[in-house]
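As the structure is a prediction and not an experimental result, all values here were calculated from the model.
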Amino acid sequence: MDAQLKFQLQEAIPILDRTPAVISGLLDDLPEDWTRVNEGADTWSPREVVAHLINGERTDWIPRARIILKQGNYRRFDPFDRFADLKTTRPLKELLEEFDKLRSENVATLRGWNLKEKDMELTGDHPEFGAVTMRQLLATWVVHDLSHIAQITRTMARAYTQAVGPWTAYFRVLQREVRQ
């Protein structure tokens, strides 16, 4: 059986806090070919993933958490446009810096709320899923980060699928179907 962790905010925040540095470490100052490579039609390049993460920092995680905390009469989340600004022409270094700044601000906001266990069970209304808890939203934020880090590294690895020749057989990352 796979190991499962119970969501604990104090254990999740370090992941959220480190994500910009991890992504910057992977992408900053690389040749542009590495940051613009994708896995084919309807897939994202590493730089597009960074643009997507910036959009999430602005419009998704903390805005939705605020709706949950407010517990007002209207708890419906705005739909998230996961394709917004993907094709930005801004330099990657600028995108990485903005992501770092926005994430730092959002993590500071999250820490500042000093959420208690009872806050984790408060709900908001997701446009697709219906009622979701604060715990689910914050756990999803962490998994979202980790999945995009994996996506970036997978996309970059697959750029060398042909180059590694027969060793492709030893790398599962090169053998899987493309999934966004």
Asker: Does Glu48 come within less than 4.0 Å of Lys87, counting only side-chain N to carboxylate O?
Answerer: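 Lys87 and Glu48: salt-bridged.
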
Asker: Taking the side chain as every heavy atom from C-beta outward, state whether Ile67 and Arg76 have any atom pair closer than 4.5 Å.
Answerer: no

Asker: Considering only NZ, NE, NH1 and NH2 on the basic side and carboxylate oxygens on the acidic side, decide whether Arg103 and Asp145 come within less than 4.0 Å.
Answerer: yes

Asker: Heavy atoms only: give me the nearest Pro127-Pro79 pair and the separation to one decimal.
Answerer: CG-CA, 4.0 Å

Asker: Answer yes if Ile152 and Trp34 sit in the same cluster of Ile, Leu, Val, Met, Phe, Trp and Tyr residues linked by side chain heavy atoms under 4.5 Å apart, and no otherwise.
Answerer: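 Hydrophobic grouping puts Ile152 with Trp34.
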
Asker: Taking the side chain as every heavy atom from C-beta outward, state whether Phe80 and His126 have any pair of such atoms under 4.5 Å apart.
Answerer: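 A side-chain contact under 4.5 Å is absent here.
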
Asker: Rounded to the nearest 0.5 Å, how far apart are CZ of Arg135 and CG of Leu9?
Answerer: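 One finds 9.5 Å between CZ of Arg135 and CG of Leu9.
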
Asker: Mind checking the OG1-CZ spacing from Thr153 to Arg158? Nearest 0.5 Å is all I need.
Answerer: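 Taking OG1 in Thr153 and CZ in Arg158, the distance rounds to 10.0 Å.
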
Asker: So, for Thr155 and Pro46, which heavy atoms are closest and what is the spacing to 0.1 Å?
Answerer: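 What the structure gives for the nearest pair is CG2-CD, 4.1 Å.
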
Asker: For a quick test of reading the model, state the closest non-hydrogen atom pair linking Ala157 to Val173 and the distance between them.
Answerer: CB-CG1, 4.1 Å

Asker: Quick one: do Phe7 and Met120 satisfy side-chain contact (heavy atoms from CB on, under 4.5 Å)? Show the steps, please.
Answerer: CA-CA 10 Å; Phe7 178 81; Met120 293 295 158; 4.1 Å; yes

Asker: Would you call Lys116 and Glu121 a salt bridge, taking side-chain N to carboxylate O under 4.0 Å as the test?
Answerer: no

Asker: Charged N to carboxylate O under 4.0 angstrom, Glu57 versus Lys101?
Answerer: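 Salt bridge between Glu57 and Lys101, a charged N being under 4.0 Å from a carboxylate O: no.
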
Asker: To the nearest 0.5 Å, what is the distance between CD1 (Ile54) and CD (Glu97)?
Answerer: 10.5 Å

Asker: Check whether His148 reaches the backbone of Val49 with its side chain - one donor and one acceptor, N or O, closer than 3.5 Å.
Answerer: no

Asker: Would you compute the distance between atom OG of Ser24 and atom NZ of Lys93 and round it to the nearest 0.5 angstrom?
Answerer: 8.0 Å

Asker: Walk me through whether Trp61 and Leu138 qualify under side-chain contact (heavy atoms from CB on, under 4.5 Å).
Answerer: CA-CA 8 Å; Trp61 309 110; Leu138 298 177; over 6 Å; no

Asker: With the side chain counted from C-beta on, respond yes when Leu69 and Leu115 share a heavy-atom pair under 4.5 Å apart, and no when they do not.
Answerer: yes

Asker: Hey, mind stepping through Trp141 and Leu16 against side-chain contact (heavy atoms from CB on, under 4.5 Å) and telling me if it holds?
Answerer: CA-CA 8 Å; Trp141 192 5; Leu16 297 173; 3.6 Å; yes

Asker: State, yes or no, whether a side-chain contact exists between Thr59 and Arg64 at a heavy-atom distance under 4.5 Å.
Answerer: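 In short, these two side chains do not touch, never coming nearer than 4.5 Å.
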
Asker: Where the side chain of Thr168 meets the backbone of Thr161, is there a donor-acceptor pair that is under 3.5 Å apart?
Answerer: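 It does hold such a pair.
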
Asker: Do Leu92 and Leu30 come within less than 4.5 Å of each other through their side chains, counting heavy atoms only?
Answerer: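 No, their side chains stay 4.5 Å or more apart.
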
Asker: Assess whether atom CZ of Arg18 is packed by more than 12 heavy atoms of other residues, nucleotides or ligands within 6.0 Å.
Answerer: no

Asker: Just checking Gln162: does its CD atom have more than 12 heavy atoms from other residues, nucleotides or ligands closer to it than 6.0 angstrom?
Answerer: no

Asker: Just how far is it from atom CG of Asp28 to atom CG of Leu96, taken to the nearest 0.5 Å?
Answerer: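 Here the rounded value is 5.5 Å.
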
Asker: What I'd like to find out is whether the side chain of Leu122 reaches to under 4.5 Å of the side chain of Thr133, using heavy atoms alone.
Answerer: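 No. Closest side-chain heavy atoms not under 4.5 Å.
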
Asker: Which atom names give the shortest non-hydrogen contact between His52 and Leu86, and what distance separates them?
Answerer: CB-CD2, 3.8 Å

Asker: Does any non-hydrogen side-chain atom of Lys6 lie less than 4.5 Å from one of Gln8?
Answerer: yes

Asker: Taking 4.0 angstrom as the limit, do Arg90 and Glu98 come out as a salt bridge?
Answerer: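 Salt bridge: yes.
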
Asker: Quick check for you: to the nearest 0.5 Å, what is the distance between Asp60 atom CG and Asn106 atom CG?
Answerer: 10.5 Å

Asker: Can you name the nearest heavy-atom pair linking Leu26 to Met156, along with the distance?
Answerer: O-CE, 4.2 Å

Asker: Taking a hydrophobic cluster as the set of Ile, Leu, Val, Met, Phe, Trp and Tyr residues connected by side-chain heavy atoms closer than 4.5 Å, whether directly or through intermediates, do Val22 and Val143 fall within one such cluster?
Answerer: no

Asker: In this structure, is the centre-to-centre distance between the rings of Tyr160 and Trp167 below 6.0 Å?
Answerer: no

Asker: Examine distances only and state if a side-chain atom of Gln71 and a backbone atom of Thr123 form a donor-acceptor pair shorter than 3.5 Å.
Answerer: yes

Asker: Main chain of Glu32, side chain of Thr35: is a donor-acceptor contact present, judged purely on distance under 3.5 Å?
Answerer: yes

Asker: Apply side-chain contact (heavy atoms from CB on, under 4.5 Å) to residues Met134 and Asp119 and explain how you reach the verdict.
Answerer: CA-CA 7 Å; Met134 177 71 82; Asp119 299 318; 5.5 Å; no

Asker: Given the rule that I, L, V, M, F, W and Y join up when any side-chain heavy atoms are under 4.5 Å apart, are Leu146 and Leu5 in one cluster?
Answerer: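 No.
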
